[in-house]
Asks: 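Got a structure here, written out as structure tokens. Questions coming.
Atom set for the values below is all heavy atoms of this structure, side chains included, hydrogens, waters and symmetry mates excluded. Numbers restart at 1 for each chain; the letters A, B, ... are given by sequence-line order, proteins then strands.
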Amino acid sequence: MSANAKQKRTLGEWLRGYTGQKYLTTFFFLLIPIVLLLIFTLIPAVNMFLFSFQKRDQLGVNPEWIGLNNYITLFTQSEYLSTFKNCLYYLLGSFVQQALALLIATTLCSKLKLANVFKGILFFPYMMNGVAVSIIFRKFFTKGDGIISSEGTLNSILSIFGIPGISWLNDPNLVNWCLVFASIWKYIGFDIIMYIGAIQSISPDIYEAADLDGANGWQRFWYIVFPGIRPIVALQLVLAIKGAASVFDIPYIITGGANGTSTFVIKTIDTAFTYEKVGLGSAMGIVLLLIILIITGVQNLLFKERK
Amino acid sequence: MAKETYTSIKSYQFKETPKSVRIAFQVLKYVFLVVCCLVVLIPLVIVLLGSLKTGTEYLQSNVFALPEVPQFSNYITAFTKGHVLLGLGNTFLIEIISCFGTIITGTMTAFVLQRFSMLYTKIVKTIFLIVALLPSISMQVTVFQIVNAMGLHDNYLAPILMYIGTDIVSIQIFMQFLDNISVSLDESAFLEGCSYPGVYWRIILPMLRPAIATVLVIKFVGIYNDFYTANLYIPHHETVSTALYNFIGPYGAQWEVIFAGIVICIVPTLIIFLSLQKSIYSNLVSGSVKE
């Protein structure tokens, strides 16, 4: 009798039951996120893939299929290839940044007064507005904006030591390093916090054991701290490579990509919006995506091995 | 737990190093940290000093010289003529709607994806994981045309919808947190006659409060500092970032006014940082490891 009744449940009853509710809730709860995902991510991603084989402008009037030509342009013309080279500055810079952050984090974790004040000061730039940071560094490096003695900050410091002023942002050999410096200044705080977290999660028992064995400071770092935080170091390096491949805001605002400072992403945006070559810009977007996918793949392989 | 570890590492001492070496080492550590902090602070102090000087004073004095009489007129200029006040207003408007939207849709999505295991949710989950890898700025090359086609260019809705719709990290944080909330809790509520939306509203949402705080901090700071979305999609409605960026043109020679604008822009960040310092350290880290 009851089994019979169950089979003849009306739609309304089914909707109020366990399964029905589950499907209804899923449908309505995911409605908005999925629509937004389609509009702002999935459709643009598919478009980007298709456009990368086309010659087209911003309005998309008469697009022309040109096969792999966009990709060939990208990898043969020095205008585009040189932006890869610029990313190498940031990659090198981020290795320096990781080493320095690790050193600072290790120091902050030792017996120290005011450790929290130091930590706070070093971390704060990470939270600051990127435009503000970029403008600050424009002034920090620029020489002689003023009429009489208003030198850039860095030159004013150097003049205290009797070193003549240098036009940092005009010298093509120096400008990229200046931008890398600004980028380290802003982002190092995050790495410091990551490393402090990793160092503090090492069990104190291990230190005591090492202490009994008479280990010195360097041995403590190399044989205990470093192996303990190696997964975080590896993760940080992967993030650093991804970051170097997609540098954008600091060079975009400080130099606008002029004077040989354009990065791959700045070039992508310029190509698509300033020169209205949407097809070529899309191809650049796809290339960056492929680079990131490869790095992520390598990262997954590495971390699986560890486990 | 972490705190205990910290103190015991702190109380740890070398046994065999002579005292003089130990002191020298300790001094070296402080010198190193002070130098690092100076590198961070000097550019900021210059900005503060410069913002308090008059135009001629700024041009004629050394960057490190203190202002003779602190001036606040630069701040007034920045606020009114430099549109910083307007920018702050616009930014907070976008912040409030976007944060609210992210929390509602993010928690709802995480609830469904983490609690219900069916083909549909599994597919959506996988798509989210892949989508999180897409480089956001490059994507604007094709997003821009869609926003244009929708007629949303120069409309506040464009950045707001984007902030809500492309935030996978928040969903991941919520899901991670839901992993640790027992399913038996919502099942018993369901058996007592509570519907699934009811379970979400009465049980899940209140329990997610710490995760919501995390997402709020990350989201707030992220939107406050975002420059490119506003620059591209709402060029005629300045946010803090674009107002500052647009300063460079007309005020190119008036660094003291630009500096005042920078100080105004940094103050809200500084207040948030000082009041939430500890949770920011743990939240930002937990937010990024999930990437």
Asks: Quick one: what part of B:Cys265 sits under 4.5 Å from any heavy atom of chain A, side chain, backbone, both or neither?
Replies: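 Side chain of B:Cys265 only, per the 4.5 Å heavy-atom cut-off to chain A.
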Asks: Would you mind checking which part of B:Thr109 comes under 4.5 Å of any heavy atom in chain A, side chain (CB onward), backbone (N, CA, C, O), both or neither?
Replies: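 Both backbone and side chain.
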Asks: Highest number of heavy-atom pairs under 4.5 Å with chain A: which of B:Ile164, B:Leu44, B:Val240?
Replies: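 Most heavy-atom pairs within the cutoff with chain A belong to B:Leu44.
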Asks: Non-hydrogen atoms of chain A under 4.5 Å away: do they reach the side chain of B:Val47, the backbone, both or neither?
Replies: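 Only the side chain of B:Val47 comes within 4.5 Å of chain A.
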Asks: Relative to chain A, which segment of B:Leu113 carries a heavy atom at a distance below 4.5 Å: side chain, backbone, both, or neither?
Replies: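 Just the side chain, heavy atoms under 4.5 Å.
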Asks: Would you please name every residue forming a side-chain contact (heavy atoms from CB on, under 4.5 Å) with B:Phe144, sequence neighbours left out?
Replies: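 side-chain contact (heavy atoms from CB on, under 4.5 Å) check on B:Phe144 returns A:Gln58, A:Phe273, B:Asn148, B:His153, B:Leu232, B:Tyr233.
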Asks: For B:Val263, which atoms come within 4.5 Å of any heavy atom of chain A: side chain, backbone, both, or neither?
Replies: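 Neither part.
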Asks: Can you tell me which of B:Leu133, B:Thr105, B:Ile130 forms the most heavy-atom pairs within a distance under 4.5 Å of chain A?
Replies: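 The option with the most such pairs is B:Leu133.
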Asks: What part of A:Leu30 gets closer than 4.5 Å to chain B, counting heavy atoms only: side chain, backbone, both or neither?
Replies: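 The answer is the side chain of A:Leu30.
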Asks: Relative to chain A, which segment of B:Val124 carries a heavy atom at a distance below 4.5 Å: side chain, backbone, both, or neither?
Replies: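 The answer is the side chain of B:Val124.
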Asks: Measure from the ring center of A:Tyr23 to the ring center of B:Tyr120 and say whether it is less than 6.0 Å.
Replies: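 For A:Tyr23 and B:Tyr120, the ring centres are not under 6.0 Å apart.
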Asks: Is it the backbone or the side chain of B:Ile171 that comes under 4.5 Å from a heavy atom of chain A, or both, or neither?
Replies: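 Nothing of B:Ile171, per the 4.5 Å heavy-atom cut-off to chain A.
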Asks: For A:Lys267, what residues pass the salt bridge (charged side-chain N to carboxylate O under 4.0 Å, His left out) criterion, not counting sequence neighbours?
Replies: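 Scan of A:Lys267 (salt bridge (charged side-chain N to carboxylate O under 4.0 Å, His left out), adjacent residues dropped) gives A:Glu79.
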Asks: Tell me whether the NZ or CZ atom of A:Lys113 lies within the 45° cone about the ring axis of A:Phe118 and under 6.0 Å from its centre.
Replies: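 No - A:Lys113 does not lie over the ring of A:Phe118 by the 6.0 Å and 45° rule.
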Asks: Look at B:Asp186 together with B:Arg115 and state whether they make a salt bridge at an N to O cut-off of under 4.0 Å.
Replies: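 So B:Asp186 pairs with B:Arg115 through a salt bridge.
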Asks: Name the region of A:Asp249, side chain, backbone, both or neither, that has any atom closer than 4.5 Å to a heavy atom of chain B.
Replies: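 For A:Asp249, there is no contact with chain B at all, as no heavy atom is under 4.5 Å.
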Asks: Would you mind checking which part of B:Ile104 comes under 4.5 Å of any heavy atom in chain A, side chain (CB onward), backbone (N, CA, C, O), both or neither?
Replies: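 Contact with chain A: none, neither part.
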Asks: So what's closer than 4.5 Å to chain B heavy atoms on A:Leu42: side chain, backbone, both or neither?
Replies: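 Looking at A:Leu42, just its side chain touches chain B.
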Asks: Assess the pair A:Tyr187 and A:Phe190: is the distance between their ring centroids shorter than 6.0 Å?
Replies: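 Here the rings of A:Phe190 and A:Tyr187 have centres that are no less than 6.0 Å from each other.
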Asks: Given heavy-atom pairs under 4.5 angstrom as the criterion, report whether the side chain, backbone, both or neither of B:Tyr245 touches chain A.
Replies: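 Contact with chain A involves both backbone and side-chain atoms of B:Tyr245.
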Asks: Is it the side chain or the backbone of A:Ile39 that comes within 4.5 Å of chain B heavy atoms, both, or neither?
Replies: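 It is both, since atoms from each part get that close.
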Asks: Check whether B:Ile137 gets within reach of chain A through its side chain, its backbone, both or neither, counting any heavy atom under 4.5 Å.
Replies: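 Both backbone and side chain of B:Ile137 come within 4.5 Å of chain A.
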Asks: Describe, in one word, how the ring planes of B:Phe111 and B:Tyr200 are oriented to each other, choosing from parallel (under 30°), tilted (30 to 60°) and perpendicular (over 60°).
Replies: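 The rings of B:Phe111 and B:Tyr200 sit tilted, inter-plane angle from 30° to 60°.
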Asks: Return the option, out of B:Val34, B:Val141, B:Asp226, with the maximum number of heavy-atom pairs under 4.5 Å with chain A.
Replies: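 The residue among B:Val34, B:Val141, B:Asp226 with the greatest pair count is B:Val141.
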Asks: Below 4.5 Å from any heavy atom of chain A, which atoms of B:Ile146 appear? Answer side chain, backbone, both or neither.
Replies: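 For B:Ile146, the side chain is the part near chain A, not the backbone.
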Asks: Counting heavy-atom pairs under 4.5 Å with chain A, which one of B:Gly261, B:Pro135, B:Gly165, B:Gly106 comes out on top?
Replies: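 Counting heavy-atom pairs under 4.5 Å, the top option is B:Pro135.
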